[in-house]
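Just below is one structure, and these are the notes that go with it.
So you know, we letter chains A, B, ... as the sequences are listed, proteins then strands, and number each from 1.
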There are 2 protein chains.
Amino acid sequence: MIKSGGVTIDYLGKTPLWQQLAEILRGKITSGEYQAGRRMPSETTLVQEYGLARGTVRQAMKSLEDEGLVVRVQGRGTFVVER
Amino acid sequence: MIKSGGVTIDYLGKTPLWQQLAEILRGKITSGEYQAGRRMPSETTLVQEYGLARGTVRQAMKSLEDEGLVVRVQGRGTFVVER
DNA sequence: GAGAATTTGTACGTATGTATG
DNA sequence: ACATACATACGTACAAATTCT
């Protein structure tokens with residue numbers, strides 16, 4: 001069984017870590033794993049899951065927000081936008 | 001009083017500055033002054049200590065990394081490899 | 001309503017990576 | 001080899017908003 005799709009972070013490659021994470025999360029949104037209107041995993045959770053610094057996670061989230069895929073609300077969380 | 005051992009940088013000689021620095025650092029590693037598993041002085045620190053440009057320091061560090069003596073981690077520092 | 005816990009926002013400092021002149 | 005600038009990344013601390021107990 002081959003893990004295809006580059007679902008994991010490549011810490012040695014050229015692509016920035018935050019871009020890789022953004023790509024992963026984008027995939028989980030478009031695939032429906034993260035459903036519209038529902039809350040995404042918190043930054044702290046993602047930090048633990050992927051072993052990245054919070055700033056790096058936030059940069060990935062920021063890019064998703066800029067794309068209009070998610071909205072971030074202080075004190076509440078980050079939510080997948082309805083499409 | 002003569003400084004023997006080439007512990008200082010010779011800015012006029014034929015040997016590249018980065019090679020001289022690499023040699024110095026290599027010595028401090030093998031002698032145990034820079035202990036295995038611990039962090040090396042930062043590039044900025046070495047820049048100040050030896051009066052070299054950062055690019056030159058990086059070239060020296062790169063050579064040490066190629067030799068397997070140290071590993072460099074973005075955002076954390078350069079560490080002496082355990083042997 | 002009070003206080004604790006959670007979550008995102010902001011700021012700073014430090015360090016390595018890359019690019020240009 | 002030097003100088004500069006910016007990007008990427010880690011770590012820490014605290015603030016602000018919301019939710020939970």
_What is the first contacted nucleotide of DNA chain D and what is the last, in 5' to 3' order, if contact means an atom lying under 4.0 angstrom from a heavy atom of chain A?_
dT8(D) to dT19(D)
*Using atom CH2 of W18(A) as one end and atom C1' of dG17(C) as the other, report the distance to the nearest whole Å.*
15 Å
*Base, sugar-phosphate, or nothing: which does G77(B) touch, judged by heavy atoms less than 4.0 Å apart?*
sugar-phosphate
*Quickly work out the L17(A) CG to dG17(C) P distance and round it to whole Å.*
12 Å
*asked:* Tell me the interatomic distance from Q59(A), atom CD, to dT10(C), atom C1', rounded to whole angstroms.
replied: 15 Å
*Which part of the nucleic acid does T78(A) contact within heavy-atom distance under 4.0 Å: base, sugar-phosphate only, or nothing?*
sugar-phosphate
*Would you indicate, yes or no, if dT16(C) has its OP1 or OP2 atom less than 4.0 angstrom from a side-chain nitrogen or oxygen of R54(B)?*
no
*Report yes if a side-chain nitrogen or oxygen of S42(A) is closer than 4.0 Å to either non-bridging phosphate oxygen (OP1 or OP2) of dT6(C); otherwise report no.*
no
*Taking a hydrophobic cluster as the set of Ile, Leu, Val, Met, Phe, Trp and Tyr residues connected by side-chain heavy atoms closer than 4.5 Å, whether directly or through intermediates, do L17(A) and L46(A) fall within one such cluster?*
yes
*Is the phosphate of dT6(C), meaning OP1 or OP2, less than 4.0 Å from a side-chain N or O of R76(A)?*
no
*In dot-bracket, 5' to 3', how would DNA chain D read with Watson-Crick or G-U wobble pairs under 3.5 Å, [ ] for crossing ones and | for pairs to another strand?*
.||||||||||||||||||||
*Minimal non-hydrogen separation, V47(B) against L52(B), with atom names*: CG1-O, 3.1 Å
*F79(B) CZ - dT14(C) P separation (whole Å)*: 16 Å
_Do L64(B) and V71(B) sit in one hydrophobic cluster, given that two such residues count as connected whenever their side-chain heavy atoms are within less than 4.5 Å of each other, even indirectly?_
no
*Let me see the working for R39(B) and R76(B) under side-chain contact (heavy atoms from CB on, under 4.5 Å), right down to the final yes or no.*
CA-CA 9 Å; R39(B) 205 176 66 89; R76(B) 310 233 307 130; over 6 Å; no
*Value in whole Å for how far the P atom of dG17(C) lies from CD of E43(B)*: 6 Å
_Test item: E23(A) and R26(A) side chains (from C-beta on) under 4.5 Å apart, heavy atoms_ = yes
*What are the two closest heavy atoms between S31(A) and K28(A), and how far apart are they?*
OG-O, 3.3 Å
_Residue mapping more 5' on DNA chain C - nearest nucleotide basis, K14(A) or M61(A)_ = M61(A)
_Side chains of R72(A) and M40(A), heavy atoms from C-beta outward: is any pair under 4.5 Å?_
no
*Co-membership, hydrophobic cluster, residues V57(B) and I9(B), 4.5 Å side-chain*: yes
_Taking every non-hydrogen atom, the tightest pair across M61(A) and P41(A)_ = CE-O, 3.9 Å
*Send over the distance from Q48(B) CD to dT14(C) P, rounded to a whole Å.*
11 Å
_Nearest heavy atoms of Y11(A) and G51(A), plus distance in Å_ = OH-O, 4.1 Å
*asked:* If you assign each of Q74(B) and V57(B) to its closest nucleotide in DNA chain D, which residue comes earlier from the 5' end?
replied: V57(B)
*Could you state the atom-to-atom distance from CG of D10(A) to P of dG17(C) in whole Å?*
15 Å
*asked:* Does dA15(C) have OP1 or OP2 under 4.0 Å away from a side-chain N or O of R72(B)?
replied: no
